[in-house]
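Below: the structure, in structure tokens.
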Amino acid sequence: SGVQPFGDCADGDPGCPRSDQRGSAARAEGELHLPIGSSQSVDLGVSGGEDRVHGGDAGAHARGAISLALRGELAPSAGLSLYPALRLDAVGRQTGVSPALAAAWAPRPDGPLTVRAGWGLSFRAPSFNELYLATGTIAPNPDLQPERAWSVDLGASLRAAGVSVSADLFWSSWRDLIVYELNPSANRVRPLNIGRAHIAGAELQAALPLGRGFSVELAYTWLQALNQRPGERQDAQLAYRTPHELRARLAHRSDRLEGYAEGSFTSATPRNDYGTATLPAQLVFNAGAGVRAAGPLWLDVEVKNVLDDQTLEDLFQYPLPGRSIAMIARVRL
């Protein structure tokens with residue numbers, strides 16, 4: 001009530017009507033774990049329920065949802081582990097089958113190096129929120145279709161002398177990918193299906209102990225998400241997918257003292273598929289410190305957005321808090 005795309009308005013005025021939409025979901029889940037020997041197992045899972053929405057311009061809608069999942073862990077030889085999986089989803093009248101196979105190999109059991117690889121198909125039906133519910137400046141789209149994809153990934157991890165380094169590459173091809181795009185004329189964000197899209201990227205992580213209770217962690221993500229729908233915007237960057245993200249964290253932990261300082265950088269991110277709106281690059285710093293006051297009781301103070309940058313926004317242009325300070329009491333047993 002009292003909200004419109006361009007700021008607040010007087011609740012109840014003819015130009016500011018109230019909106020009443022209600023959505024609900026209920027689910028029941030069960031899982032069965034079956035060990036096979038000492039190093040192999042099979043997991044069976046089932047879930048089911050119903051989604052409902054009514055009110056406003058959406059009207060009344062309901063759909064059932066059921067999922068069946070089978071996944072295993074196999075060890076055909078020393079150092080090699082296989083993880084086959086199969087999932088069946090039925091959401092309303094939409095169904096999808098998602099097989100997958102992942103593998104991990106260590107040249108030496110309990111050695112420092114592990115290599116990983118995976119392949120799979122995926123299926124995701126649009127949520128009822130995406131189909132029918134208007135939420136703030138996010139508009140629904142009842143014409144959405146399920147998104148489907150196939151993906152591959154490859155990675156490796158190295159652990160030695162307390163140092164941990166990992167690297168991963170991934171690539172996926174999507175059909176009917178659901179993306180959120182800003183409509184400048186209506187100032188609304190709306191989910192849409194992209195006919196074809198390719199998403200590729202890399203993740204690098206490292207953790208290093210510095211001694212005397214200090215450690216440092218670094219992480220970098222590169223993402224290339226391209227619209228492959230034929231037309232003038234083919235090969236353009238998809239909206240709301242940040243191309244570069246870098247995080248660094250310095251931490252200290254001892255018997256009586258703890259603390260951390262961290263920073264994160266995210267590059268400029270497109271906010272629509274036309275190249276006319278961009279979320280600026282952001283640099284944020286957080287810090288905290290604590291002391292063990294008595295026994296298992298710890299007292300901490302944490303500061304978010306240390307530089308008090310009040311221009312920060314999330315991907316949907318909602319303002320983020322400036323500097324915020326929290327006093328925290330923890331009991332660690």
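Model, not experiment: these values are computed from the prediction.
Taking Ile, Leu, Val, Met, Phe, Trp and Tyr as hydrophobic and joining them when side-chain heavy atoms fall under 4.5 Å apart, one finds Val179 in a cluster with Phe170, Trp174, Leu177, Ile194, Ile199, Leu223, Leu238.
Both tests pass for Arg249 against the ring of Tyr260: distance under 6.0 Å to the centre and angle within 45° of the axis.
Following chains of ILVMFWY side-chain contacts shorter than 4.5 Å, one cannot reach Trp171 starting from Leu154, and the two form parts of different hydrophobic clusters. One hydrophobic cluster, built from ILVMFWY side chains closer than 4.5 Å, holds both Leu279 and Tyr180. Using a 4.5 Å cut-off between side-chain heavy atoms of Ile, Leu, Val, Met, Phe, Trp and Tyr, with links allowed through other members, Leu312 and Phe265 fall into different hydrophobic clusters. Note on Ile36 and Leu32: same hydrophobic cluster, where clusters join Ile, Leu, Val, Met, Phe, Trp and Tyr whose side-chain heavy atoms are under 4.5 Å apart, directly or indirectly. If you chain together hydrophobic residues whose side chains sit under 4.5 Å apart, Leu121 and Val152 fall into the same group.
Taking the six-membered ring for Trp and thresholds of 30 and 60 degrees, His252 and Phe214 have ring planes inclined between 30 and 60 degrees apart. Classification of the His244-Tyr220 ring pair by plane angle, with boundaries at 30° and 60°, yields parallel.
Atom CZ in Phe285 sits 10.5 Å away from atom CG in Asp309 (nearest 0.5 Å). In this structure, CG on Leu74 lies 6.0 Å from CG on Leu82, to the nearest 0.5 angstrom. Going from atom CG of Leu204 over to atom CG of Asp168 covers 8.5 Å, rounded to the nearest 0.5 Å. Atoms CD and CD, on Gln145 and Glu147 in that order, are 12.0 Å from each other to the nearest 0.5 Å. Here the CH2 atom belonging to Trp298 is positioned 6.5 Å from the CZ atom belonging to Arg292, to the nearest 0.5 angstrom. Rounding to the nearest 0.5 Å gives a distance of 10.5 Å between CZ of Arg175 and CZ of Phe123.
Of all non-hydrogen atoms in Asp43 and His33, the two that sit nearest each other are OD1-ND1, 2.7 Å. Between Trp119 and Pro99, the shortest heavy-atom contact is CZ3-O, 4.1 Å. Contact record, Thr278 with Ala268: CG2-CB, 3.7 Å, taken as the closest heavy-atom pair. A pairwise comparison of heavy atoms in Thr269 and Arg241 identifies CG2-N, 3.7 Å as the closest pair. Between Gly322 and Gln310 the shortest heavy-atom distance is CA-CG, 4.2 Å. Considering all non-hydrogen atoms of both residues, Leu131 and Arg63 come closest at CD1-NH1, 3.8 Å.
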Stepwise side chain to side chain donor-acceptor pair (under 3.5 Å) test for Arg116 and Ser157: CA-CA 8 Å; Arg116 304 177 298 273; Ser157 299; 2.5 Å; yes
I would like to know whether Arg253 and Glu258 meet side chain to side chain contact (heavy atoms under 4.5 Å, CB included); could you show each step before the answer? CA-CA 4 Å; Arg253 180 74 182 274; Glu258 65 181 3; 3.7 Å; yes
Ile325 vs Val301, side chain to side chain contact (heavy atoms under 4.5 Å, CB included): CA-CA, chis, key distance, verdict: CA-CA 7 Å; Ile325 302 173; Val301 58; 3.8 Å; yes
Apply side chain to side chain contact (heavy atoms under 4.5 Å, CB included) to residues Leu320 and Asn305 and explain how you reach the verdict. CA-CA 10 Å; Leu320 298 176; Asn305 192 359; over 6 Å; no
Given side chain to side chain contact (heavy atoms under 4.5 Å, CB included), test Arg71 with Tyr83 step by step and report yes or no. CA-CA 7 Å; Arg71 57 184 180 270; Tyr83 305 92; over 6 Å; no
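Pro191 places a side-chain heavy atom less than 4.5 Å from the side chain of Leu144. At least one side-chain heavy atom of Arg22 sits less than 4.5 Å from a side-chain heavy atom of His54. Side-chain atoms of Val163 and Pro209, non-hydrogen and from C-beta on, do get closer than 4.5 Å to each other. The shortest side-chain heavy-atom distance between Ser267 and Thr242 falls under the 4.5 Å cut-off. Side chains of Ile66 and Ser47 form no contact here, defined as non-hydrogen atoms less than 4.5 Å apart. Val42 is listed as a side-chain neighbour of Leu70, based on a closest heavy-atom distance under 4.5 Å. Within the 4.5 Å cutoff, no side-chain heavy atoms of Val97 are placed close to those of Arg87. With contacts defined as side-chain heavy-atom distances shorter than 4.5 Å, the pair Gln282/Glu245 does not qualify.
A donor-acceptor pair is defined here as one N or O able to donate and one able to accept, closer than 3.5 Å; no such pair exists between the side chain of Gln40 and the backbone of Glu73. At least one donor-acceptor pair closer than 3.5 Å links the side chain of Gln21 to the backbone N or O of Ala134. Between the Asp51 side chain and the Ala25 main chain, no donor and acceptor come within less than 3.5 Å of each other.
Within a 6.0 Å sphere centred on CZ of Arg256, heavy atoms belonging to other residues, nucleotides or ligands number more than 12. Counted within 6.0 Å of CZ on Arg108, heavy atoms from surrounding residues, nucleotides or ligands total 12 or fewer; the atom is thus considered open.
Between Glu302 and Arg330 there is a salt bridge, since at least one side-chain N of the basic residue sits less than 4.0 Å from a carboxylate O of the acidic one. A salt bridge is absent between Asp89 and Arg124: the closest approach of a Lys/Arg side-chain nitrogen to an acidic carboxylate oxygen does not fall below 4.0 angstrom.
Side-chain N/O atoms of Gln234 and Asn227 include no donor and acceptor closer than 3.5 Å.
Paired with Glu130 under the rule side chain to side chain contact (heavy atoms under 4.5 Å, CB included), one option of Ile178, Ile138, Asn141 passes, and it is Ile178.
Not counting sequence neighbours, Glu181 has no partner by the salt bridge (charged side-chain N to carboxylate O under 4.0 Å, His left out) test.
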